[in-house]
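First the structure, in the form of structure tokens, and then the observations on it.
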There are 2 protein chains.
Amino acid sequence: MGRKRTKSGKIRLTEVAKLAGVSPITASRFFRNPDALSASKRERVDSAVKELGYVPNLAARALASHRTEVIGVVIPSLTNSVFADVLRGIYDSSEQSRYSIQLTNTRYSILQEEKLLRLFRAQKPAGLIVTGINQTTESRAILETMDCPVAQIMEIGDSPVDMMVGFSHYDASFAAISHILQQGRRRIGFLGARMDPRVQRRLDGYRDAMKAVSLFDSNLVVTTSVPTTVTLGGTLFADLLAQAPDIDAVFCVNDDLALGVLFECQRRQISVPGNLAIVGFNDLEFMASAVPSLTSVRTNRYEMGRHAVTMVIDAIEGRRPQEPVLDLGFQLMIRESSTSQTA
Amino acid sequence: MGRKRTKSGKIRLTEVAKLAGVSPITASRFFRNPDALSASKRERVDSAVKELGYVPNLAARALASHRTEVIGVVIPSLTNSVFADVLRGIYDSSEQSRYSIQLTNTRYSILQEEKLLRLFRAQKPAGLIVTGINQTTESRAILETMDCPVAQIMEIGDSPVDMMVGFSHYDASFAAISHILQQGRRRIGFLGARMDPRVQRRLDGYRDAMKAVSLFDSNLVVTTSVPTTVTLGGTLFADLLAQAPDIDAVFCVNDDLALGVLFECQRRQISVPGNLAIVGFNDLEFMASAVPSLTSVRTNRYEMGRHAVTMVIDAIEGRRPQEPVLDLGFQLMIRESSTSQTA
DNA sequence: CAATGCAATGGTAGCGCTGTCAATAATTGT
DNA sequence: ACAATTATTGACAGCGCTACCATTGCATTG
């Protein structure tokens with residue numbers, strides 16, 4: 001008993017084929033592999049598609065082909081502005097392709113991540129982009145049976161599930177501390193919030209850099225698992241001052257904290273960089289226009305998103321990169337807040 | 001070249017039904033309308049699903065039912081931190097439902113918006129969330145033939161396509177200016193960047209509030225179509241000072257600009273609020289911890305996202321709100337930057 | 001010239017699920 | 001007790017597309 005609604009206007013591939021005078025399968029090929037058609041048929045199908053305003057039914061296509069044109073993305077946070085740039089890169093790249101993005105958010109929950117990965121595996125995405133390299137054993141197992149290209153982003157490490165795009169948080173942190181040391185500062189505090197694996201590695205870099213010059217002191221480190229805010233930067237800085245009143249520099253694991261520290265310094269009349277150097281991480285836009293301008297570690301987040309999508313799509317289409325790990329590096333943006341007043 | 005993969009392990013609804021000893025259609029109903037099953041069958045299907053680890057094939061479901069469980073979201077920018085909060089609300093709400101989010105980005109392009117809406121219409125989403133109320137005639141026509149619930153978010157107006165969640169940018173701006181006037185300031189500058197329709201309405205509110213007390217002066221207004229940054233706030237403020245050196249307050253259409261103005265004041269040794277009051281818009285988190293703390297208009301962005309999804313889902317499931325327009329209002333967060341020094 | 005290869009095209013047969021409506025079982029009222 | 005009503009359930013027939021393989025036509029080869 002027919003649902004007449006079906007006929008209501010919906011153009012099917014069959015109609016296109018009929019108008020073009022070809023078989024449905026040829027019309028189908030027009031979309032998936034136009035080069036396989038002769039020029040004449042290609043043109044006939046093309047104009048039939050345009051004349052009828054045909055739009056493929058993606059559900060039917062997915063059902064018949066056992067594939068989707070969806071790239072899954074798993075990130076830990078929508079709030080963290082770091083991911084905004086990555087996402088922009090991801091969406092920008094995907095828009096030029098046939099693939100669409102399915103974005104999901106773990107809220108830094110390991111369990112949520114496992115659940116999402118399981119969901120993705122069941123839905124057979126064409127590709128997958130996940131954040132970080134510290135998946136649980138379970139998550140890793142799911143990723144390895146994913147049956148599609150997988151890119152891990154934000155950081156790089158030794159054993160990619162498949163591909164990686166990122167940079168070394170350890171090296172970036174180490175470089176930042178080295179710079180501060182070079183400026184003659186000795187008592188460098190460390191401020192960390194929401195200690196996810198990447199932030200943890202920044203702490204490792206800090207610790208090793210300090211230990212290398214025998215300047216490490218656990219009183220210089222203040223961390224919390226609370227999510228980052230500018231206000232929190234001020235609070236943590238106050239804690240740090242209480243623990244180590246003689247600090248002459250602060251390294252913050254992100255720029256929001258650094259801005260909070262700057263404000264707290266203004267509140268307490270601590271001169272920056274006179275009495276205190278401040279260095280942040282990520283190089284958000286405001287760092288350059290703060291007073292004094294704030295030194296930070298620039299990370300190539302937008303490019304990370306773009307490359308991740310490009311690599312995944314290339315892999316889907318059989319063009320695997322010869323080098324599965326892409327290091328996008330970082331740049332130390334040295335500004336007033338960490339250079340001597342005289343400079 | 002067989003792809004035997006098809007059979008490889010995939011559990012179909014038929015298998016579940018067989019194990020549960022029911023017909024496939026009954027098993028199907030278990031997912032879509034469990035209340036229609038008797039308790040005994042429901043349990044049998046439930047355990048069969050669990051035992052086999054069955055996961056529904058969404059493509060098949062969409063093809064057979066002519067519906068999807070996708071809610072489309074159209075926003076103009078992924079960078080603008082205002083949308084991060086809205087998106088968080090949207091994703092948080094959707095995760096508790098069966099619906100998934102398909103996010104798209106117009107980059108403030110009218111044409112891109114039309115293209116995306118056309119695409120969505122063809123894919124028959126279960127619901128749609130779009131930004132703003134100023135669609136083109138063409139976009140509006142597409143929305144009206146969308147055949148699914150549509151929520152317009154970020155602002156409210158008189159003729160919703162279907163539903164609306166937002167607040168009045170005009171009123172918010174008017175209220176902010178009234179507050180500044182109340183503080184005895186007379187020469188209130190206006191700084192605007194990326195003049196999208198909502199920002200435009202904030203300008204309208206400013207203009208009317210100033211005209212109401214005969215204090216409007218076009219020299220007090222500086223706008224640009226360039227996207228907002230903190231740095232731009234400083235630049236625009238410099239332009240404003242050049243045009244109107246006697247200003248005693250600045251109203252910025254967003255908090256990034258306000259922060260840029262604050263930094264520029266620090267650079268130029270302009271005392272805030274002594275010589276200049278600063279008021280921003282959105283109440284981003286840093287506003288409260290700046291020195292001095294910065295007055296802003298708090299908008300309920302997270303709630304906006306949550307409500308939009310909830311309303312759309314309710315409408316999809318037949319529970320239409322009696323009132324299609326939801327005004328989430330705003331709150332003026334009065335802080336040091338706009339109050340007299342003596343206060 | 002037949003044998004061979006290859007490019008272009010089409011026929012057949014589902015992909016896994018649900019809409020429709022009919023059929024059956026359970027419940028109620030009088 | 002029996003008809004009328006309601007709750008459950010199932011049979012059937014596709015949804016619109018593509019994988020697979022077969023077929024056709026034509027150029028190439030020895």
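Residue numbers begin at 1 in each chain, while the letters A, B, ... track the order of the sequences.
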* Using atom CZ of A/Arg44 as one end and atom C1' of C/dA8 as the other, report the distance to the nearest whole Å. => 13 Å
* Could you check how far CZ of A/Phe31 sits from P of D/dC17, rounded to whole Å? => 9 Å
* Check the distance between C/dA7's P and A/Arg42's CZ and give it to me in whole angstrom. => 14 Å
* Contact class for A/Ala62 (heavy atom, under 4.0 Å): base, sugar-phosphate, or nothing? -> nothing
* So does B/Ser28 get a side-chain nitrogen or oxygen closer than 4.0 Å to the phosphate oxygens (OP1/OP2) of C/dT18? -> yes
* Phosphate OP1/OP2 of D/dG10: any B/Thr26 side-chain N/O under 4.0 Å -> yes
* Can you find a side chain N or O atom of B/Lys41 that sits less than 4.0 Å from OP1 or OP2 on D/dT8? -> no
* So, B/Phe31 versus B/Tyr54, ring centres under 6.0 angstrom or not? -> yes
* Structure fact -> Among C/dC17, C/dG16, D/dA11, the one nearest any side-chain atom of B/Ser23 is D/dA11
* Asked: Pick the nucleotide of DNA chain D nearest each of B/Leu63 and B/Ser40; which residue has the one closer to the 5' end?
  -> B/Ser40
* Structure fact -> Taken in chain and number order and not counting sequence neighbours, the residues that satisfy ring-ring contact (aromatic ring centres under 6.0 Å, His included) with B/Phe167 are B/His169
* What's the NZ-C1' distance between B/Lys124 and D/dC15, to the nearest Å? -> 13 Å
* Name all residues meeting the side chain to side chain contact (heavy atoms under 4.5 Å, CB included) criterion together with B/Ser47; count only those two or more places apart in sequence or in a different chain, and write none if there are none. => none
* Round to a whole Å and report the spacing from CD1 of A/Ile11 to P of D/dC15. => 15 Å
* Salt-bridge present (B/Glu95, A/Lys115; N to O < 4.0 Å) -> no
* Structure fact -> Per atom distances to the A/Tyr54 side chain, the nearest of C/dC17, D/dA19, D/dC17 is D/dC17
* Asked: Reckon B/Ser65 has a side-chain N or O less than 4.0 Å from the OP1 or OP2 of C/dT18?
  -> no
* To do: Just call it for B/Arg29: base, sugar-phosphate, or nothing, with non-hydrogen atoms closer than 4.0 Å on any strand.
  => base
* With sugar-phosphate meaning primed atoms plus P, OP1 and OP2, does B/Arg67 contact a base, only sugar-phosphate, or nothing at under 4.0 Å between heavy atoms? -> sugar-phosphate
* How long is the line joining CD1 of B/Ile25 and C1' of C/dA22, in whole Å? -> 13 Å
* To do: Please figure out whether B/Ala60 or A/Ala64 has its closest DNA chain D nucleotide nearer the 5' end.
  => B/Ala60
* Asked: Separation of A/Asp35 atom CG from C/dA8 atom P, in whole Å?
  -> 9 Å
* Tell me whether the OP1 or OP2 atom of C/dG16 has a side-chain N or O from B/Thr14 closer than 4.0 Å. => no
* What's the spacing between B/Leu52 CG and B/Leu19 CG if we round to 0.5 Å? -> 5.0 Å
* To do: Provide, to the nearest angstrom, the distance between the CD atom belonging to A/Glu15 and the C1' atom belonging to D/dC15.
  => 13 Å
